[in-house]
Amino acid sequence: MPDRRYWLFKTEPSCFSFIDLQHRPGGTDHWDGVRNYQARNYLRDEVQVGDQILFYHSNIAEPAIIGIAEVVKAGYPDWTARDPQGEHFDPNSTVAKPIWFMVDVRYVRPLPRPVTLAELKTVPALAGMVLLSRSRLSIQPVRAEEWRLILRLGGVHK
DNA sequence: GCCAACGTTGGC
DNA sequence: GCCAACGTTGGC
């Protein structure tokens, strides 16, 4: 578990975008509102400080990985679950027994060339990506080989 | 806007 | 604990 280092975080840009993250103080914000148990488990148990994130925009004309972010704070209780006014309220979640978790992430850099979903589908080495088989999962592990290849496709050269 | 896939809920 | 109904997601 501690040696997983790469993730894909999915978001609808109309809700929260990569540019929104860039404009937060320090390019940093909490990743709240995840209400799926498998994604919650990743946030609570596996996502660690320093892990690298592919930032994916969904539910748009051309869904794509558009940038890189990193984890700056590991999982802690998602307090938006306790805000009755908020969109992500869950009356079953309490301070003593939180159900939902979030992490803090920081903007790192955009990909010089976004890598679209359509393009990902054409690359045989990426056929095993979680994104292609379980597209609805909002927090997904990414293998190191996949990470390197996607960055290369995105025009990032070391 | 449609619809398929999938996660959640709730009756039994 | 099964499974049908229902709600949500997200590509197209």
Note to self: If I take atom CD in residue A/E62 and atom P in nucleotide C/dG11, what distance separates them, rounded to the nearest angstrom?
What the structure shows: 12 Å
Notebook entry, point to check: Expressed in angstrom and rounded to an integer, what is the separation of A/E87 atom CD from C/dT9 atom P?
Noted result: 10 Å
Notebook entry, point to check: When you check the phosphate oxygens OP1 and OP2 of C/dG11, does a side-chain N or O of A/Y56 lie under 4.0 Å from one of them?
Noted result: yes
Item checked: Gap between atoms CG and P, on A/N59 and B/dG1 respectively (whole Å) -> 13 Å
Item checked: Ring centre gap for A/F18 and A/Y107 strictly below 6.0 Å -> yes
Checklist line | Whole-Å gap separating P (C/dG11) and CZ (A/R136) | finding: 11 Å
Item checked: A/R109 CZ to A/Q22 CD distance, which is reported to the nearest 0.5 Å -> 13.0 Å
Check: Over how many whole Å does the gap from A/D90 atom CG to B/dT8 atom P extend?
Finding: 12 Å
Next item on the list: Measure the distance from CD on A/Q38 to P on C/dT8 and round it to the nearest whole Å.
Entry: 20 Å
Note to self: Measuring centre to centre across the rings, with the benzene-like ring taken for any Trp, is A/H88 within less than 6.0 Å of A/W100?
What the structure shows: no
Margin query: Can you classify the ring geometry of A/W31 versus A/F16 as parallel (below 30°), tilted (30 to 60°) or perpendicular (above 60°)?
Written below: perpendicular
Check: To the nearest angstrom, how far is A/H57 atom NE2 from C/dC12 atom C1'?
Finding: 19 Å
Margin query: I need the CG-P distance between A/L120 and C/dG11, as an integer number of Å.
Written below: 11 Å
